[in-house]
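Data first, discussion second: the structure below is written as structure tokens.
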Amino acid sequence: MGVSDFPAGAVLVFGGSGGIGREVARGFAAAGCDVAVSYRRKADVARELVDDFTALGRKASHHAVDLTDAASVKAAFAETIAVHDRIHTVVFAAGPVVEQVAIADTSPALWRQSIETETIGFFNCVSAAVPHMRAMGGGSFVHLGSAGHLRWPKKDGLSVAPKAANEALIKGIAREEGVHGIRANSVLVGVIEAGMFLELKARGVFDERWIKETLRMIAIKRLGTGEDIGNAAVFLASAKASYITGQQINVSGGFGL
């Protein structure tokens, strides 16, 4: 990938300070993009990424945001546009650490937290981005969904269900906004050795037995990396995917086959 694969402006990565999000942001910087990184609490990680991208010769910025607050999301957009003039791509890589519980054991509070962060959060991003993208002649959304959309993973409903709503929204954006040059696609994320997986592994939620059982369900016998997800996201946002919209790429090593 090169600079010519993207228009002027920047990619805004929501959740860019997270384990997978930071690798997605790194992928865009390596592909020649200027990058804006959003964060909720990890300001130190966001600043480190900005320093790394600046050293590569990219214009980079970081922005605090509360995705559940529409005004906060709009403010982050305004700040990003003030720095970069244009946002050509929005990547939604945000989400809470997902507690592994069965549907019947899920509390209303946990359910609400997941819906507010992932589903309402993504809608707030779309609502803020679409008018800007229309005015700029187009743009691209890349949503990081779940490979559980294709095969339900036990006890992962707090991730899969909210993201399923976002998958429907991706198709709606693609259908309604294509006339304005706006594309929308999704990367279905498998078991990735980054971010939430590492935290739950450290807690003992994902133990060696769980990992062995999971690998049995994966055609390619390894867990994924953040770079795997970043490569797919960069492709979908680039000019090489200019005739692709409303689609999903399942980056899970064949989980669900």
Tell me whether [Y] is reachable from [X] by hopping between hydrophobic residues (I, L, V, M, F, W, Y) whose side-chain heavy atoms are closer than 4.5 Å.
| X | Y | result |
| --- | --- | --- |
| M217 | L257 | no |
| F92 | I115 | no |
| M136 | I182 | no |
| F141 | V187 | no |
| V130 | I81 | yes |

Taking C-beta and beyond as the side chain, do [X] and [Y] meet within less than 4.5 Å on heavy atoms?
| X | Y | answer |
| --- | --- | --- |
| F122 | I170 | yes |
| F77 | H132 | no |
| L223 | I192 | no |
| H62 | L49 | no |
| V142 | N185 | no |
| I218 | T214 | yes |
| D34 | F53 | no |
| S127 | N124 | no |

Carefully, step by step, assess D5 and K240 under the rule side-chain contact (heavy atoms from CB on, under 4.5 Å). CA-CA 7 Å; D5 288 311; K240 289 181 171 61; 3.0 Å; yes

Decide if atom [atom1] of [X] counts as having more than 12 heavy atoms of other residues, nucleotides or ligands within a radius under 6.0 Å.
| X | atom1 | value |
| --- | --- | --- |
| K212 | NZ | no |
| F123 | CZ | no |
| I220 | CD1 | no |
| E116 | CD | yes |

Going through the distances and angles, do E118 and N166 end up as a side chain to side chain donor-acceptor pair (under 3.5 Å)? CA-CA 8 Å; E118 301 218 37; N166 291 352; 5.0 Å; no

Candidate pair H84 and S61, rule side chain to side chain donor-acceptor pair (under 3.5 Å), full reasoning: CA-CA 9 Å; H84 299 280; S61 61; 2.8 Å; yes

For the aromatic rings, using the six-membered ring if either is Trp, is the centroid distance between H88 and F6 under 6.0 Å? yes

Establish, yes or no, whether a centroid distance under 6.0 Å links the rings of F14 and Y39. no

Calculate, to the nearest 0.5 Å, the distance between atoms [atom1] and [atom2] belonging to [X] and [Y] respectively.
| X | Y | atom1 | atom2 | answer |
| --- | --- | --- | --- | --- |
| E48 | S17 | CD | OG | 11.5 Å |
| R58 | D52 | CZ | CG | 12.5 Å |
| K154 | I103 | NZ | CD1 | 12.5 Å |
| L56 | D51 | CG | CG | 11.0 Å |
| M133 | I173 | CE | CD1 | 8.5 Å |
| I20 | I229 | CD1 | CD1 | 6.0 Å |

Determine, for [X] against [Y], whether the closest basic-nitrogen to carboxylate-oxygen distance falls under 4.0 angstrom.
| X | Y | value |
| --- | --- | --- |
| K155 | D105 | no |
| D228 | R222 | yes |
| R203 | E99 | yes |
| E177 | R134 | yes |
| E213 | R216 | no |

Evaluate the side-chain contact (heavy atoms from CB on, under 4.5 Å) criterion for residues L158 and L110: first the C-alpha distance (whole Å), next the side-chain angles of each, then the deciding distance (0.1 Å), finally the verdict. CA-CA 8 Å; L158 286 169; L110 276 176; 4.1 Å; yes

List the atom of [X], the atom of [Y], and the distance in Å for their closest heavy-atom pair.
| X | Y | answer |
| --- | --- | --- |
| N250 | F255 | ND2-O, 3.6 Å |
| L188 | S146 | CD2-O, 3.5 Å |
| G157 | P162 | O-CD, 3.5 Å |
| A93 | L144 | CB-CD1, 3.4 Å |
| A174 | T245 | CB-OG1, 3.2 Å |
| C125 | L67 | SG-CD2, 3.6 Å |

Stepwise side-chain contact (heavy atoms from CB on, under 4.5 Å) test for L12 and T89: CA-CA 6 Å; L12 173 53; T89 299; over 6 Å; no

Between the main-chain N or O of [Y] and the side-chain N or O of [X], is there a donor-acceptor pair closer than 3.5 Å?
| X | Y | value |
| --- | --- | --- |
| R26 | E227 | no |
| S242 | S238 | no |
| K59 | V83 | yes |
| R22 | G18 | yes |
| R183 | I244 | yes |

Which residue in the set E167, H149, Q248 passes side-chain hydrogen bond (donor to acceptor under 3.5 Å, both in side chains) when paired with S186? E167

Evaluate V11 against V13 for side-chain contact (heavy atoms from CB on, under 4.5 Å), listing each step before the verdict. CA-CA 6 Å; V11 54; V13 183; 4.0 Å; yes

